[in-house]
Amino acid sequence: MCARGERTAYGGVMSHPDADWAAVADRLAHDVAQLADGSSLEVAAVGSERPAKLPGLRRRLLGQQFVHIAPWVRLERVEDHLVARCVSDHREIGFPLSPEEKVALSRLGWHAPGEADGPALLRWVPDDVPTGPYLPAADVARAVALGVGTLREVFSADPARVRIA
């Protein structure tokens with residue numbers, strides 16, 4: 001984590017105090033720990049929207065070429081695991097990512113999805129066999145660090161405008 005005004009390792013600028021991000025992390029940890037099996041939540045960086053190119057059929061149906069999409073991380077409980085998904089530049093999502101952002105996402109642990117996984121970047125928590133019933137505190141902390149780190153360090157989001165729903 002970087003102090004206010006410092007550059008992140010990925011080129012973004014940290015312009016928000018750690019305390020603001022700690023509040024987001026605390027709320028996200030609470031919400032993740034309470035997820036019921038099959039439920040999900042989305043953490044989005046409102047105010048950081050970018051024009052994303054719509055795929056062909058949707059573009060023709062809606063009569064527009066671009067929509068504005070905020071960077072997001074979606075967390076879904078699947079039995080004793082948490083499946084994390086992140087916005088990507090896959091043609092179905094079309095969110096523009098710079099080469100630096102792609103490297104940053106990879107360093108944080110995001111993986112390209114397989115054919116059956118959909119278009120979003122992917123990460124399972126835990127990565128292997130669960131060590132206990134859903135979701136041990138260490139795994140909650142890992143998921144929160146992934147979600148908050150993605151929005152903070154990669155997309156330089158404003159914690160006051162992060163939406164958890």
Side-chain angles (χ1 to χ4, degrees), residues 1 10 12 16 20-55 57-58 61-62 66-97 101-102 104-165:
M1 296 276 182
Y10 316 116
H16 306 287
D20 294 348
W21 282 108
V24 171
D26 288 346
R27 176 163 175 231
L28 184 57
H30 175 267
D31 291 355
V32 164
Q34 302 300 317
L35 275 177
D37 191 16
S39 297
S40 65
L41 58 88
E42 184 173 285
V43 186
V46 177
S48 299
E49 291 85 356
R50 297 181 188 174
K53 192 168 187 173
L54 287 169
L57 180 59
R58 287 182 55 203
L61 290 174
L62 295 175
F66 295 95
V67 293
H68 284 72
I69 298 175
W72 52 262
V73 172
R74 188 169 299 126
L75 304 169
E76 178 184 4
R77 180 177 172 184
V78 178
E79 296 178 2
D80 290 336
H81 284 86
L82 194 66
V83 181
R85 298 181 194 280
C86 179
V87 68
S88 75
D89 60 354
H90 185 280
R91 65 181 168 77
E92 287 184 38
I93 297 174
F95 188 84
L97 292 172
E101 289 170 334
K102 290 178 184 181
L105 290 166
S106 178
R107 284 186 184 156
L108 284 172
W110 291 106
H111 306 287
E115 286 185 31
D117 295 324
L121 297 175
L122 187 68
R123 175 89 186 264
W124 285 79
V125 179
D127 290 329
D128 202 0
V129 177
T131 58
Y134 177 85
L135 196 59
D139 289 332
V140 170
R142 204 169 295 126
V144 168
L146 179 66
V148 169
T150 298
L151 296 181
R152 180 180 185 179
E153 297 176 25
V154 179
F155 299 114
S156 299
D158 177 351
R161 301 198 64 201
V162 168
R163 183 193 73 224
I164 301 173

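Side chains are part of it too, since the values below use all heavy atoms of this structure and drop only hydrogens, waters and symmetry mates.
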Item to check | Heavy-atom pair with the smallest gap, counting every atom of A84 and L146 | outcome: CB-CD2, 3.9 Å
Checklist entry - Passes side chain to side chain contact (heavy atoms under 4.5 Å, CB included), V162 versus V46? Steps please. => result CA-CA 6 Å; V162 168; V46 177; over 6 Å; no
Item to check | Approximate separation, where rounding is to 0.5 Å, of I69 CD1 and F95 CZ | outcome: 7.5 Å
Item to check | Nearest-0.5 Å distance that lies between atom CG in L135 and atom CG in D80 | outcome: 8.5 Å
Next on the checklist: Given 3.5 Å as the limit, does a donor-acceptor pair link the side chain of D26 with the main chain of A23, or not?
Outcome noted: no
Next on the checklist: Check for me whether R77 meets the cation-pi criterion with Y134, that is, NZ or CZ under 6.0 Å from the six-membered ring centre and within 45 degrees of the ring axis.
Outcome noted: yes
Checklist entry - Going by distance alone, is a donor N or O of one side chain under 3.5 Å from an acceptor N or O of the other, for W110 and S88? => result no
Item to check | Minimum heavy-atom distance I93-A52, with the two atoms named | outcome: O-CB, 3.8 Å
Checklist entry - Can you find a heavy atom in the side chain of L82 that is under 4.5 Å from one in the side chain of D139? => result no
Checklist entry - Which atom pair, heavy atoms only, marks the closest approach of D117 to G114? => result OD2-N, 2.8 Å
Checklist entry - Between CG of L105 and CG of D89, what distance do you get to the nearest 0.5 Å? => result 9.5 Å
Item to check | Any side-chain heavy-atom pair of R123 and R85 under 4.5 Å | outcome: no
Next on the checklist: Is there a side-chain contact between S40 and L75 in this structure, where contact means two heavy atoms from C-beta onward sitting under 4.5 Å apart?
Outcome noted: no
Item to check | Spacing of OG belonging to S48 relative to CH2 belonging to W72, to within rounding of 0.5 Å | outcome: 15.0 Å
Checklist entry - Given the rule in the salt bridge (Lys or Arg N to Asp or Glu O under 4.0 Å) test, do R50 and E101 qualify, once you have shown the distances and angles that lead to the verdict? => result CA-CA 14 Å; R50 297 181 188 174; E101 289 170 334; 2.6 Å; yes
Checklist entry - CZ of R161 to CG of D20: how many Å apart, nearest 0.5 Å? => result 14.0 Å
Item to check | Nearest-0.5 Å distance, SG of residue C86 to CZ of residue R74 | outcome: 10.5 Å
Item to check | Main-chain N/O of H90 paired with E92 side-chain donor or acceptor, under 3.5 Å | outcome: no
Next on the checklist: Could you check whether any side-chain heavy atom of T150 comes within less than 4.5 Å of a side-chain heavy atom of V43, counting everything from C-beta outward?
Outcome noted: no
Next on the checklist: Testing the basics here: between A70 and A45, what is the closest heavy-atom pair and its distance to 0.1 Å?
Outcome noted: CB-O, 3.4 Å
Checklist entry - Sub-3.5 Å donor-acceptor pair from the side chain of H81 to the main-chain atoms of E79, do we have one? => result no
Checklist outcome for this item: All heavy atoms of T131 vs all of P136, minimum pair found to be OG1-CG, 3.5 Å
Next on the checklist: Measuring only between side-chain heavy atoms, which start at C-beta, is V140 closer than 4.5 Å to V144?
Outcome noted: yes
